Structure formats: structure tokens, C-alpha cells
There are 2 protein chains.
Amino acid sequence: MCIGKLPTQKLGFAKNETKFCRTVYTTTLTQTEENYLKALLKLTEESAIPAVGTNELALHLGVKPATVTDMLKRLRDKALVSYEKYGKISLTDNARSLAIDVIRKHRLWETFLCRNLGFSWHQVHEIAEQLEHVQSVELIDRLDAFLGFPKIDPHGDLIPSKDGVFHARPKRTLSMLGVSQTAVMVGVGDNSASFLQYVDEVGLRLGMDIWVKGIQPYDALIEIVIDGKSITISQKFAAQIFVGAKLADQEFLDLGLDREGDL
Amino acid sequence: MCIGKLPTQKLGFAKNETKFCRTVYTTTLTQTEENYLKALLKLTEESAIPAVGTNELALHLGVKPATVTDMLKRLRDKALVSYEKYGKISLTDNARSLAIDVIRKHRLWETFLCRNLGFSWHQVHEIAEQLEHVQSVELIDRLDAFLGFPKIDPHGDLIPSKDGVFHARPKRTLSMLGVSQTAVMVGVGDNSASFLQYVDEVGLRLGMDIWVKGIQPYDALIEIVIDGKSITISQKFAAQIFVGAKLADQEFLDLGLDREGDL
DNA sequence: AAATAAAGTTAGATTATACAAACAATGTGC
DNA sequence: GCACATTGTTTGTATAATCTAACTTTATTT
């Protein structure tokens, strides 16, 4: 058994292999470094914010801005971000690939936890935050196969494929629907445990048909019907519910809904 | 997302609950600390060595003796080992419980990796070394249930139950058998990848019937018959193969052999 | 028992990650 | 375009985990 110097060791970049359109340099990042890259990817790409700042990153990661500045300098030395004093922060192509791999691992583990171990979707984030840092390409490839190469995780977020591609479909939110329109819930925009528990309470589930019965002209409150029950929700809430057209069989598979019998 | 101070934070011991015969104090150990406790447990209990030394520990953990001395002082301050300069090293009861939990996690993950993800037994150790440090009681309990509460891991080692008990059966080795005796392979004494690959090569598998056809008087080489094939093995090799009497149905379940159809 | 070998410890240095407090740059309001 | 707020950086400090080199203690051998 070797407890080793995994987080301490010097960087040894090694060109690995070229597949599809990206070149991957294998290197061992510390868990902290992986978290910084993941945060940067999320803040630069998933939200539509143009430039990410030190403060915002610090808030997102639960550290102080000074710490972020320090880390950015180290990430720059390792060619993972391009960044200059008071300037813009951006991931290098290589770092972006690495960050996508971490997200892939996170979402595959979340899928496993919900589908096979019976966790609810609001319980899995914390655990997946740890599992995502386990280093083994073989492991994640086999997990992917075990799960049947899912494209969507339990929150409705896209799982990038092995070659780093998000097979995205355009997303609409429940707040975009007009009166008397129907749609199917396909995901959520807020993955906090408190929001997810609220969604559960309200009775909404992935794959569920939603009918917009009415919208109050005065305060824009939305009345929807699900499972024959009528409930009232806010615009703020509706803006975090992703919806799509009626699900095709393939998408049902993606969501793993056909697997609930497993447990 | 919070990358947090998990490994950095001060110890906050909190008395948790008393169950069966042990009181568990919840505390957050760093991965390194967990590895030291695990190594101490292995060296003090699994092998029959009376006293563990700094050198031996250092060798086992892949660090220098000086590092071990440092760490022992810190573990003593946290009431995890009892130890005095140049004196004997031993785990406190609480630390022993924590170490057993780590071993439990390790062996459950190994079981999962072999049974469900199709890894060979010589591939799983490294990955389980990482997975064992994921902190979530809920996770490991659910994994345990998912696997059907196995008592034996892919190497034939005992998996402690949730309350820290190894449900041990006395172990005999193949080298203890006499001519014309038969037995069933139930485990191995050496978990190194090289040994396990050798076992695979020879054609031995857990649960397999073994017939000792003969033992050379001159050099004690053993001739065994498995699956109708006759092979010759050394005493050294035979001493690392654990055997038992014919398997009862229950033990078949423990080994997970009835599950191979899953993959 | 003295000499030597082995085992264990201390001291000082290093790296990764974090913080607080002080400081510097950038941006905004009027 | 100055005053002030916001944002970002530097400096100095701390802890966890490691190392090397020098030193001390214990054990073994003759």
C-alpha cells in the first residue's frame, strides 16, 4: 500500500493520445485544482456571464479572494489558465478538457447513486463531489458502460461523452410557456438540495407532463396541472424548471426512468 | 459547491452513538490519517508481529521513518494512538474502529468493482484505495445493501459488518492439506497484483474444487488437480492459497459467485 | 562491556492550501 | 475628473504532509 505523494508531486505533462478533436495531456491534478477548473468552466460557460472575477470564484468555491489569486498564479504556471494581474481569467483548451472530465465523472456517479443505490436527487451532489476525484479512466469507462452510457444525469444535466462532447438539446424553462401549453419536465436549473426538496414537495418529477392552466396577469403566478392536481408556482421557481416536448422512447432511456424497477 | 477545508480543519470530536459493543466518535480524518490507522491495524493484527516499528510503518506506507514519527505525534495528540518516544505504538479503541471502517469500505468497493463493473481481482486494489476515503455513512450502507451484505471480498478477505465485526472462519492453506485430500479455494494470503495474476494463470479460481494428487517427498512440490487438469505448484505458492471444506449454499452467496450472470 | 548496527527522533526546509490585513487598481456617480 | 466603492493583489502567517541530514537511543555482536 502506498499513500504516496499524489497531491504533492511535481507536474509531469505527458502527451497521451489524440482522439476525435481533442488532445489530452495526462497530468495529475490535486482535488483542489480540479475543483478550481470545474468552477471556472461552470462560471465561464454554463452561466452567460462574460468574465469571471476573483471574488465570484472565491464565493463559488467557499474560499477567500486572496486564495484564489494565489491559486490562479499556480494554475497559470501549469498552463491551465491564461490570466494576468487584474485581467481576464480563462481556461486553456487542455484545462477545459480536464474540467469536462471531472463533470463527466460527477454526473455519472450521481446517476449511479440515484439509479442503483436509491438516493434522492438532492442527496447525491455532496457524495459525487468526492467520487468525482477518484483517478481511474478504466473505472469511469466501466461505470459509464454499466449505466448504459446515459446522456442525462438525475438533475437533467447533460453528461459529456468520453470524448468531451455534451450532446445538448436546446433547453426551455417552464416560465417560457404560455397559457394552455403542455410540456414535459426534463431538468432543473438549480441543483441546491433545498431547491430540489422543494421540487419534490411540490410533486414535480423528471419526465412528468405539465399543463399550464393559467398565468395571473397581476403577479405572474403560474397555475399548472400535474398528475391531475392543480398547483401554483412563482416565476422564480418556474425559471428553474427545464421542459421539453413530449419524450421519445430514447429520451426515456436517457433519464433512466425505465430502470426504476431495478430497486 | 464548496471545496472546503476538509483536510485542514481542526478536530471536533463528537460522541455519536453506542451500538453493540463499540462507541464511535465521529471525526473527520484526512486521507493520510486514515491510511496510517489502516496500516497500523494491518501490521498489529493481521500479521502476527508483536510490535510495529517506525521503519516498518514507513516501508508499508511508502514514506520515510521521520515522517512517521511526526505523524505519530499528531495522531497521539488526537488520541488516535498511544505512543511514547522509542516506545510501543498501538491504536486506541476509537482509532481501531475507524480503521475497521476504512477496511470495510475498501472491501465493499472491491466487491462492487469485481462483481458489477467486471474488473479482475488484481485490478481493484488501487481504485479501492481511493474510494475507501469517500466520506458518507449513508453511501457505504447502501452499497452494502446493494451488494447483498457480502461477508467476503474478491480476494477471500473478510468484510467487517457495520458494527465492526469480522465474521471469521478458521483459515487453512493449501499447503496444509495431505495427499488425496480435497478442498475448496476460499481466498488468498497475498493480495499483490503479481501474485493474483499468477493465480489466474495457473487456473485457480475462488470456489474451485482442489484435489491434492501427490506431494514430492524430495522437494515438497505439490501436484493438484483442478477442473480435471493436473498442475504442479510450490509450497510457497500453496501457503498463500486459503482453502475450506465443500462450500455450503450460504457461502456461495457470500462469494458472489451466483452473481456472475449479472455481467 | 565496548563497538557496531539498527531503529527512531529532531531540526530545518519545502510544497500545497488556506487566511487576514494591508495595499493597489479599476470603475462609477455626480 | 475627483471621491468613493468595488475588486483584486501582496505580504505575512498557519497547518498538513513530506523530505534530508544529523543526531540519539536501543539492540546485537563479539
Side-chain angles (χ1 to χ4, degrees), chain A residues 1-12 27-40 43 49-78 80-90 129 133, chain B residues 1-12 27-40 43 49-78 80-90 129 133:
Chain A
M1 179 179 45
C2 174
I3 62 165
K5 310 199 294 178
L6 250 174
T8 312
Q9 69 191 177
K10 290 293 196 310
L11 263 189
T27 174
T28 314
L29 301 181
T30 64
Q31 297 196 180
T32 311
E33 287 169 340
E34 285 191 344
N35 283 327
Y36 274 85
L37 297 191
K38 198 175 53 155
L40 271 166
L43 295 178
I49 298 163
V52 198
T54 313
N55 274 348
E56 197 189 353
L57 249 180
L59 200 69
H60 194 79
L61 290 164
V63 298
K64 300 291 175 225
T67 311
V68 172
T69 303
D70 261 20
M71 181 56 105
L72 286 175
K73 281 190 273 190
R74 254 176 309 131
L75 292 175
R76 181 185 47 196
D77 292 348
K78 294 179 176 179
L80 293 167
V81 302
S82 83
Y83 149 79
E84 273 173 78
K85 267 217 298 208
Y86 301 102
K88 273 168 197 166
I89 307 165
S90 65
E129 284 288 300
H133 300 295
Chain B
M1 177 181 43
C2 174
I3 61 162
K5 309 200 295 178
L6 251 177
T8 311
Q9 70 192 173
K10 290 293 194 312
L11 265 191
T27 175
T28 315
L29 301 181
T30 64
Q31 297 197 182
T32 311
E33 286 168 339
E34 286 191 344
N35 283 328
Y36 274 84
L37 297 191
K38 199 175 51 153
L40 271 165
L43 295 178
I49 297 162
V52 198
T54 313
N55 273 347
E56 198 188 352
L57 251 178
L59 200 69
H60 195 80
L61 290 162
V63 298
K64 297 293 177 229
T67 311
V68 173
T69 302
D70 262 19
M71 181 55 104
L72 286 175
K73 282 191 271 190
R74 255 176 307 133
L75 292 176
R76 182 184 49 196
D77 293 347
K78 294 178 176 180
L80 293 167
V81 301
S82 84
Y83 149 79
E84 274 171 80
K85 257 204 327 200
Y86 301 104
K88 273 168 195 165
I89 308 166
S90 65
E129 285 287 301
H133 300 295

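A quick note: this is a predicted structure, and the numbers were derived from the prediction, not measured. Lettering follows sequence order; numbering is per chain, from 1.
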Rounded distance in Å - [atom1] ([X]) to [atom2] ([N]):
X	N	atom1	atom2	result
B/Arg76	C/dT9	CZ	C1'	12 Å
A/Lys64	C/dA20	NZ	P	5 Å
B/Asp77	D/dA17	CG	C1'	15 Å
B/Leu29	D/dT15	CG	P	19 Å
A/Asp70	C/dT15	CG	P	14 Å
B/Leu72	D/dA17	CG	C1'	13 Å
A/Glu84	D/dG8	CD	P	15 Å
A/Glu34	C/dT17	CD	P	11 Å

Checklist entry - What nucleotide, of D/dT9, C/dT10, C/dT17, holds the atom closest to the side chain of A/Thr30? => result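 The answer is C/dT17, which lies nearest to the side chain.
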Item to check | Listed nucleotide nearest any side-chain atom of A/Tyr36, set C/dA18, D/dA17, D/dT7 | outcome: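 Among C/dA18, D/dA17, D/dT7, the one nearest the side chain of A/Tyr36 is C/dA18.
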Is the phosphate of [N], meaning OP1 or OP2, less than 4.0 Å from a side-chain N or O of [X]?
X	N	result
B/Thr69	C/dT9	yes
B/Thr54	C/dT9	yes
A/Arg74	C/dT17	yes
A/Thr32	C/dA16	no

Checklist entry - Which heavy atom of B/Ile89 sits nearest a heavy atom of B/Gly53, and at what distance? => result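 Here B/Ile89 and B/Gly53 meet closest at CD1-C, 4.3 Å.
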Item to check | Least distance between heavy atoms, B/Leu72 atom then B/Val81 atom | outcome: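 Smallest heavy-atom distance, with atoms named: O-CG2, 3.8 Å.
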Checklist entry - Touch check for A/Thr67, heavy atoms < 4.0 angstrom, all strands: base, sugar-phosphate only, or nothing? => result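 If one applies the 4.0 Å heavy-atom cut-off, A/Thr67 turns out to touch a base.
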[Y] and [X], any side-chain heavy atoms less than 4.5 Å apart:
X	Y	value
B/Thr30	B/Tyr36	no
A/Leu29	A/Lys78	no
A/Thr67	A/Leu61	no
A/His133	B/His133	no

Item to check | Candidates A/Asn55, A/Asp70, A/Leu57 - the one meeting side chain to side chain contact (heavy atoms under 4.5 Å, CB included) with A/Pro65 | outcome: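 Considering A/Asn55, A/Asp70, A/Leu57, a side chain to side chain contact (heavy atoms under 4.5 Å, CB included) with A/Pro65 is found only for A/Asn55.
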Checklist entry - In the 5'-to-3' direction, what one-character label does each nucleotide of nucleotides 24-29 of chain D receive under the scheme B = base within less than 4.0 Å of a protein heavy atom, S = sugar-phosphate only, - = no such atom? => result BS----
Item to check | Contact nearer the 5' end of DNA chain C, comparing A/Ala66 with B/Asn55 | outcome: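 Whichever sits nearer the 5' end wins; that is B/Asn55.
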